[in-house]
Amino acid sequence: MKLEVKNAICGYGTSIIVKNISMNVSSGEILCLLGPNGVGKTTFFKTILGFLKLKGGEILLDGENIHNWSRKKLAKTIGYVPQAHTPPFPFKVFDVVLMGRTAHLSMFSSPTKEDMDIAEEAINTLKISYLKDKVYTEISGGERQMVLIARALAQQPKMLIMDEPTSNLDFGNQIRVLEQINKLSERGLAVVMTSHFPNHAFLCSTKVALMEKSNVFTVGSVNEVVTEDMLKKAYGINVKIITTVDSNGQQIKACIPMIN
């Protein structure tokens, strides 16, 4: 699976939010999208997902323009993990994950045993079987985020779009979610995720895209994009990039904000 975005122009109605965006991500790669609030990251995601109509350029999946794809066909190909939320009804965790099979069901049909087995497999993949019979609204934020990822996996997509998957999570749960994202890419999924934390790009990315104001869009490796100069330009603050060693003796970088 390869997603290619070529000179995309995105927006609402007559308002253009972002333009001339080009990038690509393939199976097994993680692209981390960074950028300050208000630059159009969510607008860009909604356009890829078909929620907003592309105003210019092309979005291709394996060379096929998705402009005329149905919502159902897109849902079978791209799984979407929103920011953690609370649904209006107290569904059991298993039922929330099973909802990921909706794209594969015909109108008025009920989930089959195969659908239930696929939902069970998604839960087991993320090692959250202990949550299966719990009420979704009564579990922790980190657990909810794992459930949302499991729901997306139940769609059996070839790609995951993840909107701030670590939003509102504590330090430990942020790292646990990033670990799972790395494992999903190792299974061959292509992942595009947003984050407000540049350090996440060092921990969990193959490529990085930095979206700045005035439609400046830079794509490259984490070492090319997540630099002191680039981050200062994008966020308007001074930062220091340091190098340390992880538990396996491998060098890893980290971003430290500098308070004047």
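Because the structure is a prediction, the values reported are computed rather than measured.
No option in Ile21, Val25, Val219 other than Ile21 meets the side-chain contact (heavy atoms from CB on, under 4.5 Å) test with Val5. If you run side-chain hydrogen bond (donor to acceptor under 3.5 Å, both in side chains) between Asn24 and each of Glu4, Lys207, Glu29, Lys6, only Lys207 comes through.
Side-chain atoms of Asp62 come within 3.5 Å of backbone N or O of Lys2 as a donor-acceptor pair. Using modelled atom types, one side-chain atom of Thr206 and one backbone atom of Ile30 make a donor-acceptor pair closer than 3.5 Å. Although no hydrogens or angles enter the test, the distance criterion places no donor-acceptor pair under 3.5 Å between the side chain of Asn238 and the main chain of Met258. Of the possible donor and acceptor atoms, none in the side chain of Gln251 sits under 3.5 Å from a partner among the backbone N and O of Thr243. Between the side chain of Tyr235 and the backbone N or O of Gly35, at least one donor-acceptor pair lies under 3.5 Å. A side-chain donor-acceptor contact under 3.5 Å links Arg101 to the backbone of Ala154. At distances below 3.5 Å, not a single donor-acceptor pair connects side-chain atoms of Ser214 with backbone N or O atoms of Val216. Checking side-chain atoms of Ser22 against main-chain N and O of Asn7 turns up a donor-acceptor pair under 3.5 Å. Between the side chain of Thr166 and the backbone N or O of Leu169, no donor-acceptor pair lies under 3.5 Å.
The two residues Ala152 and Pro157 come nearest to each other via the heavy atoms O-CD, 3.2 Å. Nearest heavy-atom pair across Cys10 and Thr47 is CB-OG1, 3.5 Å. Between Leu54 and Gly57, the closest heavy-atom pair is CD2-O, 3.3 Å. The nearest pair of heavy atoms linking Val97 to Ala122 is CG1-CB, 4.3 Å. Across all non-hydrogen atoms, the minimal contact from Ala150 to Leu126 is N-CD1, 3.3 Å. Pro36 and Met211 get closest at one heavy-atom pair: CD-O, 3.4 Å.
Met230 and Ile242 fall into different hydrophobic clusters, defined by Ile, Leu, Val, Met, Phe, Trp and Tyr side-chain heavy atoms under 4.5 Å apart, directly or through other members. A continuous path of hydrophobic side-chain contacts links Leu148 to Leu131 [ILVMFWY only; heavy atoms under 4.5 Å]. Linking ILVMFWY side-chain heavy atoms closer than 4.5 Å, directly or via other members, places Tyr130 and Met116 in a single hydrophobic cluster. When hydrophobic clusters are built by joining Ile, Leu, Val, Met, Phe, Trp and Tyr residues whose side-chain heavy atoms come closer than 4.5 Å, directly or via intermediates, Val191 is not grouped with Met1. In the hydrophobic clustering of this structure, Val39 does not group with Val208; members are Ile, Leu, Val, Met, Phe, Trp, Tyr whose side-chain heavy atoms approach within less than 4.5 Å, directly or through other members.
In this structure, the side chains of Asn215 and Asn20 stay at 4.5 Å or more apart for every pair of heavy atoms. The closest side-chain heavy-atom distance from Asp163 to Pro82 is not below 4.5 Å. With contacts defined as side-chain heavy-atom distances shorter than 4.5 Å, the pair Lys158/Ser27 does not qualify. Two residues are said to be in side-chain contact when any heavy atoms from C-beta on lie closer than 4.5 Å; Val192 and Phe44 fail this criterion. Side-chain contact check for Ile118 versus Glu114: some heavy-atom pair is nearer than 4.5 Å. Using a 4.5 Å heavy-atom threshold, the side chains of Ile66 and Thr77 count as separate. Put simply, the side chain of Tyr12 reaches to within 4.5 Å of the side chain of Lys46, judged on heavy atoms.
Using a 4.0 Å cut-off between charged side-chain N and carboxylate O, Lys233 and Asp229 make no salt bridge. Electrostatic pairing of Lys41 and Glu164 does not count as a salt bridge here, judged by no charged N lying under 4.0 Å from a carboxylate O.
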(request) Take Leu153 and Arg187, measure what side-chain contact (heavy atoms from CB on, under 4.5 Å) needs, and give me the verdict at the end. (result) CA-CA 12 Å; Leu153 288 183; Arg187 293 178 58 196; 4.1 Å; yes
(request) Would you sort out whether Tyr136 and Asp95 count as a side-chain contact (heavy atoms from CB on, under 4.5 Å), showing the intermediate values? (result) CA-CA 9 Å; Tyr136 178 81; Asp95 293 327; over 6 Å; no
(message) Determine whether Met162 and Ile149 satisfy the following criterion, side-chain contact (heavy atoms from CB on, under 4.5 Å), listing intermediate values before the conclusion.
(response) CA-CA 9 Å; Met162 311 181 83; Ile149 296 172; 3.7 Å; yes
(request) Take Leu98 and Asp115, measure what side-chain contact (heavy atoms from CB on, under 4.5 Å) needs, and give me the verdict at the end. (result) CA-CA 7 Å; Leu98 188 59; Asp115 294 315; 4.2 Å; yes
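Taking CD1 from Ile48 and CD1 from Ile78, the interatomic distance works out to 7.0 Å, rounded to the nearest 0.5 Å. To the nearest 0.5 angstrom, Leu3 atom CG is 5.0 Å from Met23 atom CE. One finds the CD atom of Glu212 at 10.5 Å from the CZ atom of Phe217 (value rounded to the nearest 0.5 Å). One distance of note links CG of Leu52 with CD1 of Ile17; it measures 9.5 Å at 0.5 Å rounding. How far CE of Met159 is from CG of Leu74: 11.5 Å, rounded to the nearest 0.5 Å. Taking CE of Met99 as the start and CZ of Phe91 as the end, the distance is 3.5 Å to the nearest 0.5 Å.
With a 6.0 Å radius and a threshold of 12 heavy atoms from other residues, nucleotides or ligands, Lys55 has its NZ atom above the threshold. Remark: Phe89 CZ is loosely packed, at most 12 non-hydrogen atoms of other residues, nucleotides or ligands lying under 6.0 Å away. In this structure, Lys72 places its NZ atom where more than 12 heavy-atom neighbours from other residues, nucleotides or ligands lie under 6.0 Å away. Under a cut-off of 6.0 angstrom, the local environment of CD in Glu121 is sparse, with at most 12 non-hydrogen atoms contributed by other residues, nucleotides or ligands.
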List the atom pairs, with distances to 0.1 Å, where a side-chain N or O of residues 175-184 and a protein N or O form a donor-acceptor pair under 3.5 Å, not counting sequence neighbours.
from	atom 1	to	atom 2	distance (Å)
Arg176	NH1	Gly172	O	3.4
Arg176	NH1	Asn173	OD1	3.3
Asn182	ND2	Leu203	O	3.2

